[in-house]
Amino acid sequence: MAMLYQAVYRRASFMWCRLHSTYVRKMRYLFELKEDDGLCRQAQNSGTFYLFHNLFPFLQKVGSKHFASQISASELKRILKKFKQDEQKLEDSVLIGCSDECMAYFALDLGSLEKMDIESELKGSFTELWKAFFQLDGKDARLLSLAQALLRWHDTHRYCSKTGQPTRKNLAGSKRVCHTNEIIYYPQMSPVVITLVSDGSRCLLARQASFPQGMYSALAGFCDVGETLEETVRREVAEEVGLEVKSMWYSASQHWPFPNSSLMIACHAMVWPQQNEIRVNKLELEAATWFSLEEVVEALRREPRPLRQEDGRFSLWLPPKWAIAHQLIQEWVKQQSTMPA
Ligand SMILES: NC(=O)C1=CN([C@@H]2O[C@H](COP(=O)(O)OP(=O)(O)OC[C@H]3O[C@@H](n4cnc5c(N)ncnc54)[C@H](O)[C@@H]3O)[C@@H](O)[C@H]2O)C=CC1
Ligand SMILES: [Mg+2]
């Protein structure tokens, strides 16, 4: 019966491939994997895996370039066997995407194994995600960010907050269920607004004390319960730099894994040029400054890493290309150069 089902499913998938765009086919396939544990189990046995160790992703290096390694299901089973782990450990993994050919990608945390043993077996290293972020390309960074957020959520939601009983994840990891009362828990993200403020000719960038030396970014803040995005933008700009927003508009959004899992909603905001004196809230920020177009253009040309000048101070540098803050800054530069003089 199972074989007949698989044959029918393969035939149906084949028809899908012929009839639908790659994107639609992938989304439908991922949806089915989330809904159907049996199908997801099959996908785990033929998919590829991104490995983590206590939430540190496994990276390999070729020359000076780091990349997130994909391990095949058969290779993973070999490693599990070697380290005396049950093959069933594959089912602890979470679904994080699929290729254009509908080969599923999973993430698995091997925190119960000895870190150095896996590193020497697979010739790579488990690296803190924050450090890895600056070394990876956008695609790898996006996948690892989603993977870490999901793995962390499962790790911290193992018990039902109402009954105290253990919750069980579905195979794909898109939810957890408390079987005592059938409460379903879904992975959560916190909405965060990130705003690039301009006074018409300059843009406002700020840094927290925890940022690497010399790095500045746009203002960011979590949405409070009950707020609209517009209200969060106005409140955060007032709270952090003491300015009143005159107008704002939405640009784009991005998932961000730090400190937990956030949906970064990126906006541009204008303040009145006559009322642009910054009053930094030192509880939130270390510094906030207006930067000219020339200063920002020069910083965009620099590598995203600390660079000490001759006078001992650090040059301005900006978040890496795929960070939404970078995109906001690029958009602002473009707006400035298309504005009438
Ligand atoms: N992608 C990017 O380029 C940038 C991303 N960010 C991210 O934006 C996020 C928010 O920025 P912050 O200035 O730290 O926010 P924030 O200005 O709201 O201040 C953080 C404080 O908000 C409170 N808070 C309220 N709700 C919270 C929640 N759901 N989770 C954690 N804390 C909460 C806490 O007291 C926390 O200390 C951070 O996750 C940060 O990593 C920040 C700058 C640039
Ligand atoms: Mg903030």
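By convention here, the first residue in the shown sequence is residue 1. In listed order, ligands and their atoms are each counted from 1. Note that the structure is a prediction, hence the values are computed from the model and not measured.
- Among Ser261, Pro320, Ser217, Pro259, the residue whose heavy atom sits closest to atom 44 (C) of ligand 1 is Ser217.
- Taking the charged nitrogens against the carboxylate oxygens, Glu128 and Lys131 do have a contact shorter than 4.0 Å, which makes a salt bridge.
- Under 4.0 Å is where a charged nitrogen must lie from a carboxylate oxygen, and between Glu227 and Arg235 at least one such pair does.
- Counting protein heavy atoms under 4.0 angstrom from atom 29 (N) of ligand 1 gives one or more.
- The ligand atoms of ligand 1 that sit less than 4.0 angstrom from a heavy atom of Gln208 are 12 (P), 13 (O), 14 (O).
- For Lys89 and Asp92, the salt-bridge test passes: some basic side-chain N is under 4.0 Å from an acidic carboxylate O.
- At least one N or O atom of Phe222, backbone or side chain, sits closer than 3.5 Å to an N or O atom of ligand 1.
- Geometrically, ligand 1 and Ser262 share no nitrogen or oxygen pair separated by less than 3.5 Å.
- The single protein non-hydrogen atom nearest to atom 3 (O) of ligand 1 is Ala325 CB, 3.0 Å, given as residue, atom name and distance.
- Heavy atoms of other residues, nucleotides or ligands lying less than 6.0 angstrom from CD of Gln309 number more than 12.
- A distance-only check finds a donor-acceptor pair linking the side chain of Thr167 to the backbone of Arg158 [under 3.5 Å].
- Atoms of ligand 1 found under 4.0 Å from any heavy atom of Ser190 (numbered from 1 in listed order, with element): 29 (N).
- In this structure, Glu236 counts as a contact residue of ligand 1, since one of its heavy atoms falls inside 4.0 Å of the ligand.
- Remark: ligand 1 atoms within the under-4.0 Å shell around heavy atoms of Val192 are 8 (O), 9 (C), 10 (C).
- There is no protein heavy atom closer than 4.0 angstrom to atom 36 (C) of ligand 1.
- Under 4.0 Å from ligand 1, the heavy atoms of Glu284 that appear belong solely to its side chain.
- At least one donor-acceptor pair under 3.5 Å links the side chain of Lys169 to the backbone N or O of Ser93.
- Heavy atoms of Ile194 found under 4.0 angstrom from ligand 1 belong exclusively to the side chain.
- For Phe49 and Tyr105, the ring centers sit 6.0 Å or farther from each other.
- Between Glu101 and Lys26, no side-chain nitrogen of the basic residue sits less than 4.0 Å from a carboxylate oxygen of the acidic one, so the salt-bridge criterion is not met.
- With the Mg ion (ligand 2) at the apex, Glu240 OE2 and Ala220 O define an angle of roughly 100° (rounded to 10 degrees).
- Heavy atoms from both the backbone and the side chain of Ala220 come within less than 4.0 Å of ligand 1.
- Ring-plane geometry between Trp256 and Phe258 is classed as perpendicular, the angle between the planes exceeding 60 degrees on a 0 to 90 degree scale with a lower cut at 30.
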Could you walk me through whether Glu119 and Ser125 satisfy the side-chain hydrogen bond (donor to acceptor under 3.5 Å, both in side chains) test, starting with their C-alpha distance in whole Å, then the side-chain angles of each, then the deciding distance to 0.1 Å, before giving a yes or no? CA-CA 5 Å; Glu119 288 178 331; Ser125 57; 5.0 Å; no
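- Below 3.5 Å of separation, one finds an N or O of Phe258 facing an N or O of ligand 1.
- Regarding atom 7 (C) of ligand 1, its nearest protein heavy-atom neighbour is Trp256 NE1, 3.5 Å.
- Here is the list of ligand 1 atoms found below 4.0 Å of a heavy atom in Gly221: 15 (O), 16 (P), 17 (O), 18 (O).
- Between Ser261 and Gln188, the side chains place no donor N or O within less than 3.5 Å of an acceptor N or O (distance only, hydrogens not considered).
- Using 4.0 Å as the threshold, Glu240 has a heavy atom nearer than that to some atom of ligand 1.
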